[in-house]
Amino acid sequence: MDLLCIFLGISFTVWFTLLLVFIIVPAIFGVSFGIRRLYMKTLVKIFKWATLRIERGAKENNHLLYKPYSNAIIAKDPTSLEDEIKEIRRRGGGGGSPGDDLDPASEFEMSDIFYFSRRGVESIMDDEVTKRFSAEELESWNLLTRSNYNFQHVSLRLTVLWGLGLVIRYGFLLPLRVTLAFTGVGLLVVLTCIIGLLPNGRTKNFLSEKVHLMCYRICVRALTAIITYHDRENKPKNGGICVANHTSPIDVIILASDGCYAMVGQIHGGLMGVIQRSMVKACPHIWFERSEVKDRHLVAKRLSDHVEDKTKLPILIFPEGTCINNTSVMMFKKGSFEIGSTVYPVAIKYDPRFGDAFWNSSMFGMVSYLLRMMSSWAIVCSVWYLPPMHKEEGEDAVQFANRVKAAIARQGGLVDLLWDGGLKRGKVKDTFKEEQQKLYSKMLVGTQEDRSRS
């Protein structure tokens with residue numbers, strides 16, 4: 001029994017010393033020994049070998065290795081509603097050329113129905129919204145069965161390598177990462193509560209910034225996150241609003257480990273509520289009660305008051321309002337663009353080879369999602385700080401939001417979509433349906449006017 005206690009004591013001492021020397025202390029000073037990048041390069045070489053081996057086995061066995069994934073199942077040239085209906089009427093009438101005008105003697109033809117029927121079927125087959133809320137299939141295998149839906153035995157060596165990876169991820173990396181996560185969150189709660197006792201001033205702001213950075217960097221290491229930051233000269237400044245595309249809840253940690261932000265969100269209960277209450281004691285974050293979230297004027301007032309104070313940290317906002325699967329950027333809510341403050345766009349792009357960062361909230365709860373993240377190989381991503389942007393003269397909030405969104409999509413190599421991310425859980429707004437009806441009505445009215453003039 002004594003030997004067991006001594007062994008456990010030595011193991012704990014060694015474990016804590018390694019944490020302190022290689023993770024906690026470097027996180028305090030913001031330095032890295034390069035271990036994570038060496039680990040990433042090693043993984044890339046292993047993945048390449050595994051992919052070549054499994055592709056060769058799949059070819060020999062003549063079976064489909066990867067689930068088909070495409071951003072555009074139906075390839076077609078973009079054409080207007082009027083042009084397509086012209087073509088349908090021309091073919092249905094059996095004459096005319098593609099450039100001819102619509103038949104002025106008719107206001108409506110039964111063949112027009114085929115246009116809307118075809119577009120409906122195309123939307124079902126190639127729904128560019130729904131597929132943004134499911135994980136993308138990889139072009140190479142990363143030794144995770146969750147990323148290869150057709151995984152099967154190929155060779156003994158590959159199976160042994162997969163089993164060894166399973167032991168490393170769940171036997172070593174997962175316990176280490178869970179320990180780091182509890183350490184980072186625990187230090188954040190305790191230290192921010194202590195700093196909250198200090199009077200407001202430069203000392204409190206300085207200590208709060210250092211504590212937040214240290215704790216977020218520990219949490220980043222809890223995910224073995226390897227982050228490359230670009231154009232740091234464009235980092236958000238006090239009195240501004242930082243807007244970024246949203247893939248995962250860990251987007252907050254990714255950005256906050258490189259600079260401090262004022263968070264915006266709804267007040268929660270449980271552990272999240274404890275963290276929120278402790279954070280706001282040390283830093284002026286903006287938390288809303290559930291009843292206040294739907295009050296747009298109150299939210300705008302709180303945000304405006306914050307950005308007008310140039311001593312306060314920049315606000316971090318994800319205007320999409322939901323997580324998208326790292327392939328595209330969807331509609332930005334206009335609220336954060338109505339304030340009139342300087343907007344600092346940030347593009348975040350994850351490398352899915354090492355772990356899928358996308359949070360499918362309809363499939364996984366927060367705890368199960370975090371466990372998936374901590375049992376992945378690593379979280380690798382790139383962050384681009386774009387030059388600050390301002391609302392131009394004569395530009396409304398929606399146009400400004402679309403311009404910022406387009407810049408983020410362009411920099412991150414993402415697809416720029418106009419659809420609302422709220423369609424993840426809600427129905428299509430009637431305005432979208434009415435827009436198509438208006439286009440068709442306008443076409444018919446135009447035909448009537450041409451006939452009356454003639």
Side-chain angles (χ1 to χ4, degrees), residues 128-129 132 234-247 251-252 255 261-266 284-289 291-310 312-324 328-348 384-412 414-436 438-439:
E128 64 180 5
V129 175
R132 307 301 171 181
N234 296 325
K235 285 175 61 174
K237 297 179 174 56
N238 290 359
I241 297 177
C242 174
V243 298
N245 58 300
H246 199 23
T247 303
D251 293 339
V252 175
L255 293 177
Y261 297 90
M263 309 297 176
V264 179
Q266 180 180 309
H285 299 286
I286 305 174
W287 308 128
F288 295 97
E289 295 287 350
S291 58
E292 297 176 333
V293 173
K294 295 183 179 180
D295 190 340
R296 293 181 63 253
H297 297 290
L298 176 61
V299 173
K301 178 71 165 57
R302 294 274 301 274
L303 295 178
S304 298
D305 292 342
H306 184 99
V307 297
E308 286 175 1
D309 188 347
K310 302 304 179 184
K312 292 184 177 180
L313 296 173
I315 298 175
L316 176 59
I317 296 178
F318 300 101
E320 288 169 297
T322 189
C323 295
I324 314 298
S328 59
V329 184
M330 301 190 78
M331 187 183 79
F332 279 7
K333 304 293 191 297
K334 65 178 181 179
S336 53
F337 299 90
E338 293 176 326
I339 299 173
S341 175
T342 302
V343 171
Y344 294 87
V346 176
I348 307 173
W384 290 272
Y385 296 108
L386 279 66
M389 301 177 69
H390 302 82
K391 185 186 293 186
E392 297 178 350
E393 186 177 352
E395 188 177 44
D396 60 24
V398 174
Q399 293 171 331
F400 185 28
N402 288 335
R403 185 160 58 89
V404 173
K405 177 168 68 76
I408 291 175
R410 187 166 51 250
Q411 181 63 72
L414 304 166
V415 180
D416 185 3
L417 296 176
L418 296 176
W419 293 101
D420 185 358
L423 293 173
K424 182 178 184 178
R425 296 183 180 86
K427 296 181 179 180
V428 177
K429 294 180 179 179
D430 291 336
T431 52
F432 289 110
K433 302 175 186 178
E434 293 170 359
E435 184 177 349
Q436 294 297 316
K438 289 178 180 177
L439 287 173

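Quick caveat: nothing in here was measured; it's all calculated off a predicted structure.
Residues Ser336 and Ile241 approach most closely at O-CD1, 3.7 Å, considering heavy atoms. Closest of all the heavy-atom pairs between Tyr344 and Gly240 is CE1-CA, 3.9 Å. Heavy-atom minimum distance, Gln399 versus Gly394: OE1-O, 3.9 Å. For Pro319 against Ala244, the heavy-atom pair with the smallest separation is CD-O, 3.6 Å. Minimum interatomic distance between Pro345 and Val343 (heavy atoms only, all atoms of both residues): CD-O, 3.3 Å. Of all non-hydrogen atoms in Val264 and Trp287, the two that sit nearest each other are C-CZ3, 4.1 Å.
Looking at residues two or more places apart in sequence or on another chain, you find no salt bridge (charged side-chain N to carboxylate O under 4.0 Å, His left out) involving Lys237. Partners of Asn402 under the side chain to side chain contact (heavy atoms under 4.5 Å, CB included) rule, at least two apart in sequence or in another chain, are Val398, Lys405. Legend: residues meeting salt bridge (charged side-chain N to carboxylate O under 4.0 Å, His left out) with Glu392, ordered by chain and number and at least two apart, are Arg403. Partners of Glu308 under the salt bridge (charged side-chain N to carboxylate O under 4.0 Å, His left out) rule, at least two apart in sequence or in another chain, do not exist in this structure. Under the rule for a side chain to side chain contact (heavy atoms under 4.5 Å, CB included), the partners of Ala407 that lie at least two apart in sequence or sit in another chain are Leu386, Met389, Arg410. For Asp309, there are no salt bridge (charged side-chain N to carboxylate O under 4.0 Å, His left out) partners two or more places apart in sequence or in a different chain.
With values rounded to the nearest 0.5 angstrom, Asp305 atom CG is found 9.0 Å from Ile286 atom CD1. Lys333 NZ to Ile317 CD1: the interatomic distance, rounded to the nearest 0.5 Å, is 12.5 Å. The line from CG of Leu417 to CE of Met331 is 12.0 Å long, rounded to the nearest 0.5 Å. Considering CD of Glu338 and CG of Asp396, their distance stands at 9.0 Å, rounded to 0.5 Å.
Under the 4.5 Å side-chain criterion, counting only non-hydrogen atoms from C-beta, Met263 is in contact with Leu316. Considering only heavy atoms from C-beta on, Val252 comes within 4.5 Å of Phe318 through its side chain. Proximity of Tyr385 to Cys242: side-chain heavy atoms (C-beta onward) are nowhere separated by under 4.5 Å.
Of the possible donor and acceptor atoms, one in the side chain of His306 sits under 3.5 Å from a partner among the backbone N and O of Leu313. Judged by distance alone, with hydrogens and angles left aside, the side-chain atoms of Glu320 form no donor-acceptor pair with the main-chain N or O of Asn245 at under 3.5 Å.
Side chains of His390 and Thr342: a donor-acceptor N/O pair is present below 3.5 angstrom, by distance only.
Relative orientation of the Phe337 and Phe332 rings is parallel, given thresholds of 30° and 60° on the angle between their planes.
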